[in-house]
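Working notes, beginning with the structure itself.
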Amino acid sequence: MTRPARAGAAIIAVLAILVIAVPLVAPVDPLAVGDVLSTRLVPPLSRDEAGHFHLLGTDRFGRDMFQRMMLAGRISLAVGVLGSLLGAAVGTLLGALAAWRGGLLQAGIMAVADALLAVPRLVLLLLCSALWAPGLTTVVVILVGTGWMGVARLVRGEVLGVSARPYVEAATALGVPGRRLLWRHVLPNALGPAVVAATLGVGNAILLESGLSFLGLGVQPPTPSWGNMIAGGRDLIVIAPWVAIAPGLALVVTVLAATMLGDGVRDWLAGERTGTSE
C-alpha cells in the first residue's frame with residue numbers, strides 16, 4: 001500500500017481513537033452549558049477565568065470546542081461509514097441479482113439506477129430531507145437510498161464478467177445450485193469494485209452528512225456534528241473564527257484521509273489482479 005494510503009489509514013485510526021476516548025475522559029459534559037459570561041469565546045490555547053485550559057477555545061455558550069469536536073466526530077464518522085457501507089451492501093446485492101437473474105429483473109433494477117443517477121445526488125438528499133423529519137436515522141437512510149446505484153452498476157458488470165469464466169461453467173455442468181454458485185464462487189470474485197466504491201464513498205458520505213447538518217436538515221442540535229458546528233459559528237467568523245474553522249478543518253482532514261485510504265485500496269486491489277502488489 002502506498003504512503004498516502006498508509007497516512008490516510010493512520011489519520012483515520014487516530015481520529016477514531018480520539019472520538020471514542022476524549023468524550024469519555026472529558027472533565028465536563030461537552031453538551032452542558034455552564035457560566036457563559038466567564039467562559040464564552042475563549043481563544044484557542046487559552047484558559048478561562050476558572051483556570052481551565054481549552055486547546056481549541058470555546059464556543060458562544062462556553063463549551064470546550066475540542067471536546068465537542070470529538071463528540072461530533074463520533075456522529076459524523078459513524079453516519080459516514082454506516083451510510084457508505086450500507087449503500088455498498090444494497091448496491092452489491094441488487095447488482096449481483098440483476099446480473100445473475102437477467103431478464104425483467106435486470107432491466108427494472110438498472111432502469112431505477114439509471115433514473116436516480118440522472119438526478120444530482122444533492123438534489124435527492126435535499127428533497128428527501130425536506131420530506132422526512134431530520135435526524136440520524138433519516139440521514140443514514142437517505143445516504144443509503146441515494147448511494148447504491150453506482151455500486152450496483154459496477155457489481156453487475158463484474159458479475160457478468162466472472163460468470164463467463166471457465167470455472168463457473170464447469171461448476172454449472174457439475175450441477176452446483178445457482179444460488180450457491182453465485183454466493184460462494186461468483187460474488188466473492190466480483191467484490192473488488194464494491195470494496196473500492198465503499199471505501200471511497202466514506203469521505204463523500206461524511207461530506208454530505210455535514211452539508212445536510214449545515215443546512216439544518218441533518219443532525220439536529222444540541223447533538224453536535226461537524227456540519228451544525230460550522231453553521232453555528234458562521235456568524236462569529238470575524239470575532240471568533242475558531243468556532244467555525246476548527247470543525248471545518250477536522251472535516252477536510254477526515255475526508256482527505258478517507259480519500260487517500262480509498263485510493264490505496266483501489267491500487268492494492270489492482271495490483272493483486274495484475275500480480276504487482278507490494
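Computation of the quantities below employed the complete heavy-atom set of this structure, encompassing side-chain atoms and omitting hydrogens, waters and symmetry-equivalent molecules. Here the structure is a predicted model, which is why all the values come from computation and not from measurement. Residue indices begin at 1 and follow the sequence shown.
Using a 4.5 Å heavy-atom cutoff, the side chains of V195 and T199 are in contact. A 4.5 Å side-chain heavy-atom check between D59 and R68 finds at least one atom pair inside the cut-off. With contacts defined as side-chain heavy-atom distances shorter than 4.5 Å, the pair D48/H54 qualifies. Annotation: side chain of V202 is not in contact with side chain of L261 (no heavy-atom distance under 4.5 Å). Put simply, the side chain of T146 does not reach to within 4.5 Å of the side chain of L116, judged on heavy atoms.
Under a hydrophobic-cluster definition in which Ile, Leu, Val, Met, Phe, Trp and Tyr are linked whenever side-chain heavy atoms come within less than 4.5 Å, directly or via other members, L160 and L93 are assigned to different clusters. If you chain together hydrophobic residues whose side chains sit under 4.5 Å apart, L15 and I17 never meet in one group. Cluster membership check: M260 does not share its hydrophobic cluster with I206, using side-chain heavy-atom separations under 4.5 Å among Ile, Leu, Val, Met, Phe, Trp and Tyr. L217 is connected to V144 through a chain of hydrophobic side-chain contacts under 4.5 Å among Ile, Leu, Val, Met, Phe, Trp and Tyr, so both are in one cluster. If you chain together hydrophobic residues whose side chains sit under 4.5 Å apart, V139 and V141 never meet in one group.
Not one N or O on the side chain of S84 forms a donor-acceptor pair closer than 3.5 Å with the backbone of G80. Checking side-chain atoms of R47 against main-chain N and O of H52 turns up no donor-acceptor pair under 3.5 Å. S213 places no side-chain N or O within 3.5 Å of a backbone atom of N228 that could act as its donor or acceptor partner. The backbone N or O of G218 lies less than 3.5 Å from a partner atom in the side chain of Q220, making a donor-acceptor pair. For W148 (side chain) and G145 (main-chain N/O), a donor-acceptor pair under 3.5 Å exists by modelled atom type. Using a distance-only test at 3.5 Å, with no hydrogens or angles considered, a donor-acceptor pair links the side chain of R60 to the main chain of G232. Listed for the W242 side chain is a donor-acceptor partner under 3.5 Å among the backbone atoms of T58.
Heavy-atom minimum distance, Q106 versus A99: OE1-CA, 4.2 Å. The two residues A244 and I237 have their closest heavy-atom pair at CB-CD1, 4.2 Å. Residues A246 and L56 approach most closely at CB-CD1, 4.3 Å, considering heavy atoms. What you find for S46 and V42 is that their closest heavy atoms are CB-CG1, 3.8 Å. In terms of heavy-atom proximity, A197 sits nearest to V151 at CB-CG2, 3.7 Å. L85 and A198 get closest at one heavy-atom pair: CD2-CB, 4.2 Å.
We find the CG-CE distance between L55 and M69 to be 9.0 Å, quoted to the nearest 0.5 Å. Atom CD1 of residue I75 and atom CE of residue M229 lie 12.0 Å apart, to the nearest 0.5 angstrom. Interatomic distance, OG1 of T92 versus CG of L187, reported as 7.0 Å (0.5 Å rounding). For the atom pair CZ (F53) and CG (D64), the distance works out to 9.5 Å, reported to the nearest 0.5 Å. Rounding to the nearest 0.5 Å places CD1 of I12 at 6.5 Å from CG of L77. Taken from CG in L117 to CZ in R153, the straight-line distance is 7.0 Å, to the nearest 0.5 Å.
In the displayed structure, L24 atom CG is contacted under 6.0 Å by more than 12 heavy atoms of other residues, nucleotides or ligands.
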Apply side chain to side chain contact (heavy atoms under 4.5 Å, CB included) to residues I11 and V253 and explain how you reach the verdict. CA-CA 8 Å; I11 293 172; V253 170; 3.9 Å; yes
Residue pair I245, I230: steps toward the side chain to side chain contact (heavy atoms under 4.5 Å, CB included) verdict: CA-CA 7 Å; I245 290 177; I230 296 172; over 6 Å; no
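Within the cation-pi definition used here (under 6.0 Å to the ring centroid, within 45° of the axis), R234 qualifies as a partner of F214.
Counted by atom type alone, S225 and S76 present zero donor-acceptor pairs between their side chains at under 3.5 Å.
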